[in-house]
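Below you'll find the structure, written out as structure tokens, and then a few comments.
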Amino acid sequence: MSSFISALSSSTEKSSGLAIRSHVQNGRFREALSLYISSHKSGDRSDNIVVTAAIKACAQLSNMYLGSSLHTQMYKHGYSSDVYVGTSLVGFYSRLDGIQIARKVFDEMPVRNVVSWNTILAAYLKDGFLESARKVFDEMPIRDVISWNSMVSGYAKAGDMESAIILFREMPEKNPASWNSIICGWIDCGKIAFARDLFDQMHQKSTVSWVTMISGYTRSGDVDSAKSLFDQMDERDLFSWNAMITCYAQSGQPREAIELFNQMRKLYINGHLYPDKMTFSSIISACSQLGDLRFGLWIEGFMRDLQIELDEHLRTAFIDFYAKCGSIERASELFIGSSKRDLVSYSAMILGCGMNGKASDAIHLFDKMLDDDIVPNSVTFTGLLAAYRHAGLVEEGIRCFTSMWRDHKVAPSCNHYAIMVDLFGRVGRLDEAYRLIKSMPMQPHVGAWGALLLACRLHGNVKLGEIAAHNCFKLDPKASGYYVLLANIYAEAGEWDKAKRLREVMTEKGVSTSIGFSWVEFG
DNA sequence: TATCCAGAGA
């Protein structure tokens with residue numbers, strides 16, 4: 001009987017051990033640890049294989065408490081001299097506790113293999129100690145392709161492409177990760193053409209290579225090239241879909257992002273591909289760009305169905321979404337419930353308040369943000385200035401605009417200028433608005449001139465209106481709205497000839513006359 | 001039979 005029980009318990013030990021390892025292999029770290037804890041409580045003795053997996057899960061989940069208690073247990077059982085346990089502990093401490101402790105554990109290992117060496121090499125590189133890492137690399141008794149890849153990517157990430165390429169050329173053996181490190185390095189320093197050149201030379205591209213290039217094009221704003229690569233891919237994994245959806249969402253093409261998401265959803269319905277936090281983060285951003293509250297709410301329900309929990313990224317995406325859709329109360333709830341309020345979540349809230357005319361809330365949040373020692377950025381000031389504009393608080397707006405560079409070292413962008421022009425314009429201070437445009441250190445964009453034009457329409461100023469309109473025509477020749485505005489200014493001033501002439505110019509230039517016809521009737 | 005390298009978000 002007792003042998004039966006012990007056989008039974010050893011078989012459950014085996015199966016739970018197998019399940020724990022499989023959870024870890026598939027990235028289900030939380031499940032792995034809770035299974036480990038429950039099987040441990042029921043008296044299972046864990047072997048070094050299972051503990052290795054558990055330590056890895058602790059590292060991934062930043063569970064310092066359980067990880068270090070596993071370390072103590074392993075020490076007691078004499079397992080800590082095992083090369084697998086030792087190596088996973090080095091990885092664990094390098095992730096959670098920094099290089100010193102990791103190095104200490106590494107030095108105390110009685111046996112090391114190439115993976116142990118790679119782990120300590122990666123630990124130095126992760127913390128940015130390039131020279132110490134190189135020392136480890138040169139001292140290593142054996143190196144495999146991963147050792148070389150780590151060092152190459154370390155140089156590339158540090159921007160030292162020269163050293164990266166020297167090492168890359170010396171490699172006795174290369175795999176796709178080696179190439180990807182260099183490609184990534186070129187992208188990081190803005191040399192997308194170099195990256196593409198290398199990408200085209202690759203014989204065996206991995207999905208990582210494709211995704212790296214797609215996100216490179218995203219960063220350089222080349223949506224067409226990104227899409228062209230995406231279309232050429234034979235096998236698309238979750239990362240590939242996410243990269244392309246993100247590309248659209250970040251390039252101001254939210255409809256395309258959602259369209260692609262719907263295509264991806266068909267694969268989900270067939271049980272092939274499940275959207276994850278990253279997917280939703282981009283999709284929510286697309287929804288907030290469109291101000292599409294209904295679709296966003298549907299997305300929230302879909303996430304609930306998939307049991308996707310809000311992390312800080314997603315929470316901020318939702319704050320931005322609700323704020324931009326006018327649901328400031330819901331945005332505030334999420335913001336207040338957030339465990340760490342950072343620059344982005346504060347800025348999203350301030351922007352939301354600004355857009356929804358809650359000037360005093362925006363100002364209050366800004367003060368609180370400074371109290372929390374968070375340094376404001378360009379987006380923060382866009383929100384704050386928008387709040388002043390909405391409330392028509394000119395003097396406060398001027399003070400804020402002056403202070404952003406003087407006190408916070410944030411240089412005003414075209415958009416900031418455009419908001420100020422709008423603010424002056426709305427209250428009829430047209431000359432100041434015009435002077436502000438003339439004082440811009442950069443080429444004024446159509447937003448600034450457009451704001452002035454709108455103000456001239458509002459206050460019936462023909463002279464400035466003409467100047468503003470002609471700049472708009474130059475900067476955005478295809479848009480008919482500016483012509484309509486100028487025509488309205490003429491019409492209201494009774495200058496029918498000019499209005500008529502303007503319509504002729506539109507026809508000559510082939511500008512669409514299909515919208516805003518109210519003015520044409522005057523001519 | 002495990003441990004290490006390359007891809008992502010507001």
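A, B, ... follow the sequence lines: proteins, then strands. Residue 1 opens every chain.
With hydrogens and angles ignored, no donor-acceptor pair closer than 3.5 Å exists between the side chain of S88(A) and the base of dT3(B). No hydrogens or angles were tested; on distance alone, nothing pairs the side chain of N242(A) with the base of dG7(B) as donor and acceptor under 3.5 Å.
For K157(A), the side-chain atoms get nearest to dA6(B) when compared with the rest of dG9(B), dA6(B), dC5(B). Among the nucleotides dA10(B), dT1(B), dC4(B), the one closest to any side-chain atom of R21(A) is dT1(B). When distances run from any side-chain atom of P176(A) to the nucleotides dT3(B), dA6(B), dA10(B), the shortest one goes to dA6(B). Among the nucleotides dG7(B), dC4(B), dT3(B), the one closest to the side chain of F239(A) is dG7(B). Residue A122(A) has its side chain nearest to dC5(B) when only dC5(B), dG7(B), dA6(B) are considered. Comparing atom distances between the N113(A) side chain and each of dC4(B), dA10(B), dT3(B) picks out dT3(B) as nearest. Out of dC4(B), dA2(B), dG9(B), the shortest distance to the side chain of N48(A) is found at dA2(B). The nucleotide whose nearest atom lies closest to any side-chain atom of S215(A) is, among dA6(B), dA8(B), dA2(B), dA8(B). In the set dG7(B), dA10(B), dT3(B), dG7(B) carries the atom at the smallest distance from any side-chain atom of V208(A). Comparing atom distances between the T87(A) side chain and each of dA10(B), dG7(B), dT3(B) picks out dT3(B) as nearest.
The aromatic ring centres of W241(A) and F230(A) sit less than 6.0 Å apart. The distance between the ring centers of Y346(A) and F366(A) does not fall below 6.0 angstrom.
dG7(B) atom P lies 13 Å from atom CG of N175(A), rounded to whole Å. Counting to the nearest Å, the C1' atom of dG7(B) and the CG atom of L198(A) are 16 Å from each other. Summarising the geometry, the separation between CG on L314(A) and P on dA8(B) is reported as 17 Å, rounded to the nearest angstrom. The nearest whole Å value for the distance from the CG atom in N118(A) to the P atom in dT3(B) is 13 Å. dA6(B) atom P lies 16 Å from atom CG of D237(A), rounded to whole Å. Atom P of nucleotide dG9(B) and atom CD1 of I319(A) are separated by 19 Å, given to the nearest angstrom. Between the NE2 atom of H313(A) and the P atom of dG9(B) there is a distance of 8 Å, given to the nearest Å. In this entry the distance linking CD1 of I299(A) with P of dG9(B) reads 18 Å, nearest Å.
Within the 4.0 angstrom heavy-atom criterion, no nucleotide atom of any strand lies near D47(A). As judged by a 4.0 angstrom heavy-atom cut-off over every strand, S178(A) is placed among residues making no nucleic acid contact. Within 4.0 Å of K174(A), counting heavy atoms only, lies no atom of the nucleic acid at all. Using a 4.0 Å heavy-atom criterion, one finds that S147(A) contacts no nucleic acid atom at all. Across all strands, Q250(A) comes closer than 4.0 Å only to sugar-phosphate atoms, never to a base (heavy-atom distances). At a threshold of 4.0 angstrom between heavy atoms, the contacts of D276(A) include nucleobase atoms, whether or not backbone atoms are also involved. Within 4.0 Å (heavy atoms only), T246(A) reaches sugar-phosphate atoms of the nucleic acid but no base atom. Across all strands, K277(A) comes closer than 4.0 Å to base atoms (heavy-atom distances).
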- Item | Criterion salt bridge (charged side-chain N to carboxylate O under 4.0 Å, His left out) on R134(A) and E131(A), from CA distance to verdict | CA-CA 5 Å; R134(A) 182 58 195 251; E131(A) 284 180 24; over 6 Å; no
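In this structure, F381(A) and H408(A) have tilted ring planes: the angle between them lies in the 30° to 60° band.
A close approach under 4.0 Å does not occur between any side-chain nitrogen or oxygen of K205(A) and OP1 or OP2 of dA6(B). Within the 4.0 Å cut-off from OP1 or OP2 of dA10(B), not a single side-chain nitrogen or oxygen of K324(A) is found.
Under 4.0 Å is where a charged nitrogen must lie from a carboxylate oxygen, and between K104(A) and E108(A) at least one such pair does. Taking 4.0 Å as the cut-off between side-chain N and carboxylate O, R30(A) and E309(A) do not count as a salt-bridged pair.
Checked against L343(A) for a side chain to side chain contact (heavy atoms under 4.5 Å, CB included), the options D372(A), V375(A), T380(A) give a single hit: T380(A).
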